[in-house]
2 protein chains.
Amino acid sequence: MHNCSYCTSSLLALNFVLFITIQTVRNQPMRNDKHKYLVIPGPVEVRPEILDAQTEWMIGHRSTAFADLFARLQTKLKQAFLTQNRVFVHGSSGTGLWEGASRNCIRDEARVLHLVGGAFSERWAQISEANGKQVDVITVEWGKAHTPEMVADALKKQTYDAVAFVHNETSTGVTNPVKDIAAVVRQASDETLVLVDSVSGFLGAELRTDDWGLDLVLTSSQKAFALPPGLAFASISDRVLERAKQIKHRGYYFDFIEINDSLQKNNTPSTPPVSLMFAADKQLDDILAETLERRWARHLQMRDTTLQWANQRGLAAFAQEGYRSPTVTTVANTIGFDVDAMAKFMGGKGFSMDKGYGKIKGKTFRIAHMGDMQIHTLEEVLSGLDEYLESVKN
Amino acid sequence: MHNCSYCTSSLLALNFVLFITIQTVRNQPMRNDKHKYLVIPGPVEVRPEILDAQTEWMIGHRSTAFADLFARLQTKLKQAFLTQNRVFVHGSSGTGLWEGASRNCIRDEARVLHLVGGAFSERWAQISEANGKQVDVITVEWGKAHTPEMVADALKKQTYDAVAFVHNETSTGVTNPVKDIAAVVRQASDETLVLVDSVSGFLGAELRTDDWGLDLVLTSSQKAFALPPGLAFASISDRVLERAKQIKHRGYYFDFIEINDSLQKNNTPSTPPVSLMFAADKQLDDILAETLERRWARHLQMRDTTLQWANQRGLAAFAQEGYRSPTVTTVANTIGFDVDAMAKFMGGKGFSMDKGYGKIKGKTFRIAHMGDMQIHTLEEVLSGLDEYLESVKN
């Protein structure tokens with residue numbers, strides 16, 4: 001054995017230098033080490049490798065490299081939406097595509113039926129009105145789902161250009177029976193488009209665009225898709241485009257005809273958020289590798305774990321039984337603890353918590369279990385909440 | 001001296017390992033090594049440190065951390081726009097804010113005057129029409145600027161809710177005399193808003209929002225701002241908001257009243273592209289450290305270098321003398337060389353070149369000298385072009 005003491009100490013010193021150097025270099029780019037894991041229902045936690053995927057060198061949006069990127073996304077998005085329809089990739093939040101859906105699908109002389117049961121379904125109806133459309137609503141109490149029967153009744157009394165509703169109401173944690181509602185609409189009239197907001201459902205809750213006959217399904221990047229915000233997506237049927245052609249003032253930024261014309265050339269009418277599209281490209285690979293079925297099952301498992309936990313702690317689900325969301329549980333704060341104090345306590349544990357939304361803020365809080373969250377992380381969250389509940393018992 | 005041969009070889013081997021390790025780790029995230037530097041007029045080249053700034057951990061847009069980020073951006077953007085007005089930060093391309101300007105500033109019964117002299121000023125006018133607005137245009141030949149006199153004449157014949165024009169027409173390389181046109185509009189009527197698109201001017205060409213009396217200046221992230229695309233910005237005067245209140249159907253995604261209400265709380269109506277805002281935060285620090293004056297001077301120097309080069313090579317500037325853009329030179333291809341072949345040749349040198357836009361494609365090509373490009377990079381581009389011109393002479 002070689003026993004030179006100089007060698008030994010040199011090697012130790014060098015090992016130390018090597019270790020420090022790797023740590024230093026690895027931390028470029030340096031992320032905030034006080035980060036709290038996002039348990040809020042969007043933006044959700046984004047994995048480091050997806051954050052890093054944004055940093056590819058910029059490319060021109062009229063380049064071959066961009067067309068290739070766009071085509072790859074198109075193929076993968078069709079698999080993710082389970083559709084043969086084209087899927088728009090748009091530089092906006094989901095809110096923007098609400099406006100697009102309203103402007104492109106409802107003729108001026110016609111009416112739209114909005115199903116309202118929470119903050120977000122209500123806002124979409126307001127957006128149709130803000131664009132001068134004639135709106136009827138079926139309103140249910142927050143926490144309740146819409147039933148196919150309600151919709152069938154309404155369609156007997158009035159013909160609509162579209163029925164617009166949410167798959168998953170992010171404020172209440174209710175998942176609507178999309179398949180059954182769509183079937184009722186399809187049966188009632190060939191003129192009525194089925195418009196679905198799946199902002200907080202897509203890639204977390206089962207959604208079968210073509211099997212269920214959905215004309216338009218819109219979503220955004222920062223919910224169960226687990227991407228940074230800034231991109232919105234929508235699957236668009238031929239019927240939607242036929243309708244759009246009959247409407248004169250569709251505007252431009254959300255003009256479905258313009259967007260579709262560009263899409264045929266693997267392009268967009270104006271410059272899109274390219275770095276976010278790089279991230280989407282990688283994230284879709286990972287999602288399709290997991291498979292939709294396993295992803296949906298993972299979300300259901302997290303939902304069930306959360307509901308069981310809430311029941312055992314004397315808390316309740318805010319959403320009606322049978323319609324509880326796989327992606328976000330709105331917990332009715334039946335114990336009446338201080339939600340702000342809970343959030344502060346959980347912040348100390350490294351988790352960023354929600355405190356309820358809109359008119360049910362404080363009376364409820366939401367546990368988002370969506371995106372790339374794994375069951376073991378959810379269990380850490382719930383065990384942190386247990387510690388908090390224990391601490392306020394005394 | 002210590003002369004153990006085992007030590008010496010070990011140290012050499014370890015040094016090698018250290019070197020390889022650092023190189024490997026440093027390349028995470030790995031960027032495409034076939035990247036071509038973007039000489040196109042947007043998206044422009046983004047520096048690695050700005051690309052990396054996108055990778056900060058995601059945060060909720062209703063968090064204190066987000067409000068702090070928003071407030072920082074607000075302070076710095078006011079300095080960048082040279083304004084006391086609020087500056088909107090929006091998740092869209094500049095095209096989206098065209099739509100916002102048209103919908104919020106033109107009453108249904110009133111008219112807007114668009115100054116058209118290239119592909120982009122023309123599209124903005126079309127967008128006003130697509131939103132049902134009554135549009136008049138003053139059209140000049142591509143390559144020409146609009147004069148204050150033209151605008152003064154038009155304002156004598158008709159009252160307008162707004163005059164909408166571009167600071168810098170990206171297709172032709174013309175910079176309009178914004179200050180003088182604005183002065184004419186301001187003098188003509190208190191009812192007429194001055195709406196300026198500075199998509200490819202802002203942070204490259206001199207622009208003084210308040211001194212020049214500009215009610216609205218809109219821009220996007222991927223031109224002389226040198227950020228990834230996906231964000232748009234607009235400075236908004238009180239007069240604009242007063243006007244917006246008089247318009248019923250402003251829509252929602254670009255509703256200036258909604259955006260302004262949220263802005264008061266350092267927030268946005270819907271989820272914004274947070275990772276791009278991290279990048280903007282850093283980029284604004286660097287831009288303000290350079291100072292606006294030095295940044296404008298650097299762009300002018302690059303413009304002059306490009307014009308001189310073009311003249312000496314028997315090429316010509318497409319834009320009218322006296323109105324040539326500091327950020328992009330549209331070169332009239334008076335030699336008649338094959339622009340596609342030139343772009344291919346330059347691609348081999350590591351540069352992504354433009355081949356002209358719209359109806360002057362091929363007859364012109366554009367050299368973008370904007371954003372964080374330095375004069376030495378431009379000189380490499382021009383010397384590459386010289387090699388190409390030399391190669392086709394024979």
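Throughout, a chain's letter reflects where its sequence line sits, starting with A, and its residues are numbered from 1.
B:Arg103 has a carboxylate O that lies under 4.0 Å from a charged side-chain N of A:Glu99, or vice versa, which qualifies the two as a salt bridge.
B:Leu276 touches chain A through its side chain: at least one heavy atom from C-beta onward sits under 4.5 Å away, while N, CA, C and O do not. Heavy-atom distances place the side chain of A:Glu45, and not its backbone, under 4.5 Å from chain B. Heavy atoms closer than 4.5 Å to chain A are found in the backbone of B:Pro272, but not in its side chain. With a 4.5 angstrom heavy-atom cutoff, B:Ser352 does not touch chain A via any of its atoms. With a 4.5 angstrom heavy-atom cutoff, B:Glu129 touches chain A only via backbone atoms.
Taking CD of A:Glu258 as the start and OG1 of B:Thr95 as the end, the distance is 10.5 Å to the nearest 0.5 Å. Atoms CD and OG1, from B:Glu49 and A:Thr55 in turn, are 12.5 Å apart once rounded to the nearest 0.5 Å.
Closest non-hydrogen pair, B:Tyr252 versus A:Asn131, comes out as N-ND2, 4.5 Å. Nearest heavy-atom pair across B:Leu38 and A:Met58 is CD1-O, 3.6 Å. Between B:Pro229 and A:Thr271, the shortest heavy-atom distance links the atoms CB-CG2, 3.7 Å. Between A:Pro43 and B:His61, the closest heavy-atom pair is CD-ND1, 3.4 Å.
In terms of heavy-atom pairs under 4.5 Å with chain A, the best-connected choice from B:Val46, B:Ile40, B:Ile59, B:Val44 is B:Ile59. Of the listed residues (B:Ser63, B:Pro48, B:Ser220), the greatest number of heavy-atom pairs within a distance under 4.5 Å of chain A belongs to B:Pro48. Ranked by heavy-atom pairs shorter than 4.5 Å toward chain B, the options A:Gly91, A:Gly251, A:Ser128, A:Gly230 are led by A:Gly251. The candidate with the highest count of non-hydrogen atom pairs below 4.5 Å against chain B, out of A:Ser221, A:Gly96, A:Ala279, is A:Gly96.
Between B:Tyr253 and A:Phe254, the distance from one ring center to the other falls under 6.0 angstrom.
Side-chain contact between B:Gln54 and A:Ser275 is present, with heavy atoms from C-beta onward closer than 4.5 Å.
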